[in-house]
Chemist: 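This is the structure, below, for whatever I ask next.
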Amino acid sequence: MEAFVNYINTALPDEDGSKLLFRFKKNLLEEMNQRAIDIEGTGGIHDKKVISDLIISEHEDLKAEYKEYYDKATSAERTKRAVIGNVLGSIAYILFIVVLFLGISFLTKLWSYTWIIIVDGILLWVDYLLLLGVRKLVTLKRIFHVFARLLLFGAVVVFMVAAFLTVVALTDVLHSWLIVIAGLILAFICDGIFASATHARLALLHWILYIPIISVFVFIIIGVLGILAWNIAWIIIPLSLIIDLIIIIAAIGKNKKDKMEVEDIW
């Protein structure tokens with residue numbers, strides 16, 4: 001119907017070179033014409049002006065409709081470009097670390113050290129992919145956040161393993177394996193912060209579970225490094241349980257206070 005064309009062009013003036021706008025108008029016009037045919041086919045309304053007015057009233061805010069269409073279309077295009085960029089970038093990166101490894105190895109003949117270039121290079125690439133996954137999952141519904149947390153945990157551990165292997169390859173530092181233990185501590189802390197920041201339902205419970213686990217790892221690090229004697233350092237573990245108890249009491253008190261405030265309002 002001509003009324004549809006006039007309405008669409010009035011609400012959405014043409015833009016030079018805008019293929020998206022042209023496509024939106026074309027699809028919308030086809031949809032409105034089909035809607036008119038469907039209404040006429042029911043036999044309830046025969047007046048074309050009434051039909052056109054009815055259909056136009058169903059699209060009162062074309063600018064908002066076009067904005068939604070534009071956002072979806074450009075978002076899909078950006079995602080496509082990002083995927084292609086990451087694939088090409090990954091290929092270029094892997095080729096670079098291989099060439100770097102071979103170049104340095106042949107020049108220095110230190111093959112017993114240069115292997116770390118390949119291993120850490122791949123681990124850091126995996127770390128990057130895991131963080132990309134976290135970034136994507138965070139934008140989805142809350143149900144997917146648990147997978148984001150798993151990827152984040154893995155990313156922290158992978159990074160610390162890369163750091164550990166670097167120390168092993170290049171130095172003779174005693175007890176370097178403690179870097180992995182420190183990585184686990186950092187992973188649990190990052191997961192707890194993530195849970196709290198995203199307001200996960202059981203965020204508090206996770207902290208209550210993580211604090212004793214972290215205390216065990218801290219106990220191992222302190223004992224191995226000789227910062228405190230083993231028979232003194234063990235006190236860290238029962239202290240973590242006391243901290244848990246304080247957190248639980250504070251949470252119960254807060255819940256009671258919130259409940260009383262709600263009751264006072266009603």
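In what follows, residues are counted from 1 in the order of the sequence shown.
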Chemist: Can you tell if the side chain of Tyr93 reaches within under 4.5 Å of the side chain of Tyr128, non-hydrogen atoms only?
Modeler: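 Contact flag for Tyr93/Tyr128 side chains = no.
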Chemist: Using the rule that Ile, Leu, Val, Met, Phe, Trp and Tyr join whenever any side-chain heavy atoms are under 4.5 Å apart, tell me whether Leu165 and Val98 fall into a single cluster.
Modeler: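 Yes.
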Chemist: Does a side-chain heavy-atom distance below 4.5 Å link Ile211 with Ile247?
Modeler: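 Result yes, sub-4.5 Å side-chain heavy-atom pair found.
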Chemist: Looking at side-chain heavy atoms only, is the closest gap between Arg23 and Tyr69 below 4.5 Å?
Modeler: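 Contact flag for Arg23/Tyr69 side chains = yes.
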Chemist: Does anything in residues 187-212 form a salt bridge (charged side-chain N to carboxylate O under 4.0 Å, His left out)? List the pairs, not counting sequence neighbours.
Modeler: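 Checked against salt bridge (charged side-chain N to carboxylate O under 4.0 Å, His left out) - neighbours excluded - the pairs reaching residues 187-212 are Arg149-Asp191.
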Chemist: So Val167 and Trp177, side chain to side chain contact (heavy atoms under 4.5 Å, CB included) or not? Walk me through it.
Modeler: CA-CA 9 Å; Val167 173; Trp177 56 273; over 6 Å; no
Chemist: Tell me, yes or no, whether the heavy-atom count around Asn231 atom CG, taken from other residues, nucleotides or ligands under 6.0 Å, exceeds 12.
Modeler: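 Counting other residues, nucleotides and ligands, CG of Asn231 exceeds 12 neighbours.
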Chemist: To the nearest 0.5 Å, what is the distance between CZ (Phe144) and OG1 (Thr139)?
Modeler: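 Answer rounded to 0.5 Å: 10.0 Å.
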Chemist: Nearest 0.5 Å, please: how far is NE2 in His206 from CD1 in Ile213?
Modeler: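 Between atom CD1 of Ile213 and atom NE2 of His206 there are 10.0 Å.
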Chemist: With rounding to the nearest 0.5 Å, note down the distance linking CG in Leu152 to NE2 in His145.
Modeler: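 Here the interatomic distance stands at 12.5 Å.
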Chemist: Within the 4.5 Å heavy-atom criterion, are Glu58 and Met32 side-chain neighbours or not?
Modeler: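 When only atoms from C-beta onward are counted, Met32 and Glu58 do not touch, as no gap falls below 4.5 Å.
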Chemist: Which residues pass the side-chain hydrogen bond (donor to acceptor under 3.5 Å, both in side chains) test with Glu65, sequence neighbours left out?
Modeler: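 In terms of side-chain hydrogen bond (donor to acceptor under 3.5 Å, both in side chains), with neighbours along the sequence ignored, Glu65 is linked to His59.
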Chemist: Return yes if some donor-acceptor pair links the side-chain N/O of Ser215 with the main-chain N/O of Pro212 below 3.5 Å, else return no.
Modeler: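 At least one qualifying donor-acceptor pair exists.
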Chemist: Tell me, with the steps shown, if Glu30 and Lys26 meet salt bridge (charged side-chain N to carboxylate O under 4.0 Å, His left out).
Modeler: CA-CA 6 Å; Glu30 291 176 355; Lys26 181 175 178 293; 2.9 Å; yes
Chemist: If you compare all heavy atoms of Val224 against all heavy atoms of Trp230, which two are closest, and at what distance to 0.1 Å?
Modeler: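 So the minimum-distance heavy-atom pair works out to N-CZ2, 3.6 Å.
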Chemist: Which pair of non-hydrogen atoms, one from Ser176 and one from Phe164, has the smallest distance, and what is that distance?
Modeler: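 Between these two residues, the closest heavy atoms are O-CD1, 3.3 Å.
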Chemist: Honestly curious: do Val87 and Leu130 fall in one hydrophobic cluster under the side-chain, below-4.5 Å linking rule?
Modeler: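 No.
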Chemist: Step by step, would you call Asp127 with Val156 a side chain to side chain contact (heavy atoms under 4.5 Å, CB included)?
Modeler: CA-CA 8 Å; Asp127 210 48; Val156 174; over 6 Å; no
Chemist: Heavy-atom distance under 4.5 Å between the side chains of Thr114 and Thr108, does that happen here?
Modeler: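 Side chain of Thr114 against side chain of Thr108, heavy atoms only: contact under 4.5 Å found.
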Chemist: I'd like to know whether Asp244 forms a side chain to side chain contact (heavy atoms under 4.5 Å, CB included) with Trp207, so could you lay out the CA-CA distance, the side-chain angles of the two residues, the decisive distance to 0.1 Å, and finally the verdict.
Modeler: CA-CA 8 Å; Asp244 272 356; Trp207 278 115; over 6 Å; no
Chemist: Do Ile193 and Phe159 sit in one hydrophobic cluster, given that two such residues count as connected whenever their side-chain heavy atoms are within less than 4.5 Å of each other, even indirectly?
Modeler: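 Linked, Ile193 and Phe159 end up in one cluster.
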Chemist: I want to know whether Phe188 and Phe153 have ring centres closer than 6.0 Å.
Modeler: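 Ring-ring flag for Phe188/Phe153: true, centres closer than 6.0 Å.
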Chemist: Do Ile237 and Ile189 land in one hydrophobic cluster if side-chain heavy atoms of ILVMFWY residues count as linked below 4.5 Å?
Modeler: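 Yes, same cluster.
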Chemist: Which atom pair, heavy atoms only, marks the closest approach of Ala148 to Val134?
Modeler: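 Minimum heavy-atom contact is O-CG2, 3.5 Å.
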Chemist: Taking a hydrophobic cluster as the set of Ile, Leu, Val, Met, Phe, Trp and Tyr residues connected by side-chain heavy atoms closer than 4.5 Å, whether directly or through intermediates, do Ile235 and Leu245 fall within one such cluster?
Modeler: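 Each belongs to a different hydrophobic cluster.
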Chemist: Could you work out, with ring-ring contact (aromatic ring centres under 6.0 Å, His included) as the rule, every residue matching Trp111, not counting sequence neighbours?
Modeler: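 Partners of Trp111 under the ring-ring contact (aromatic ring centres under 6.0 Å, His included) test: Phe101, Phe106.
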Chemist: Out of Ile222, Ile232, Val218, which one pairs with Ile227 under the side-chain contact (heavy atoms from CB on, under 4.5 Å) rule?
Modeler: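 That would be Ile222; it is the only one of Ile222, Ile232, Val218 passing the side-chain contact (heavy atoms from CB on, under 4.5 Å) with Ile227.
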Chemist: Verify the neighbour count for atom CD1 of Ile143: are there more than 12 heavy atoms of other residues, nucleotides or ligands below 6.0 Å?
Modeler: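 For Ile143, atom CD1 is not crowded (no more than 12 foreign heavy atoms under 6.0 Å).
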Chemist: Between Met160 and Gly183, which heavy-atom pair has the shortest distance, and what is it?
Modeler: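 What the structure gives for the nearest pair is CG-CA, 3.3 Å.
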Chemist: Restricting to non-hydrogen atoms, name the atom on Trp115 and the atom on Ala169 that form the minimum distance, rounded to 0.1 Å.
Modeler: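 Shortest heavy-atom separation between Trp115 and Ala169 comes out as CZ2-CB, 3.4 Å.
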Chemist: Taking atom CD1 of Ile220 and atom CG of Leu225, what is their separation to the nearest 0.5 Å?
Modeler: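 The CG atom of Leu225 is 11.5 Å from CD1 of Ile220, to the nearest 0.5 Å.
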Chemist: Quick one: does Cys190's side chain get under 4.5 Å of Leu186's, heavy atoms only?
Modeler: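 Answer yes - side chains close enough.
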Chemist: Show your reasoning for whether side chain to side chain contact (heavy atoms under 4.5 Å, CB included) applies to Leu129 and Asn86.
Modeler: CA-CA 9 Å; Leu129 295 180; Asn86 280 312; 5.8 Å; no
Chemist: What is the distance from atom CD1 of Ile214 to atom CD1 of Ile181, rounded to the nearest 0.5 Å?
Modeler: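 CD1 of Ile181 is found 12.5 Å from CD1 of Ile214.
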Chemist: Roughly how far, to the nearest 0.5 Å, is CD1 of Ile179 from CD1 of Ile221?
Modeler: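 Reported value, rounded in 0.5 Å steps: 10.0 Å.
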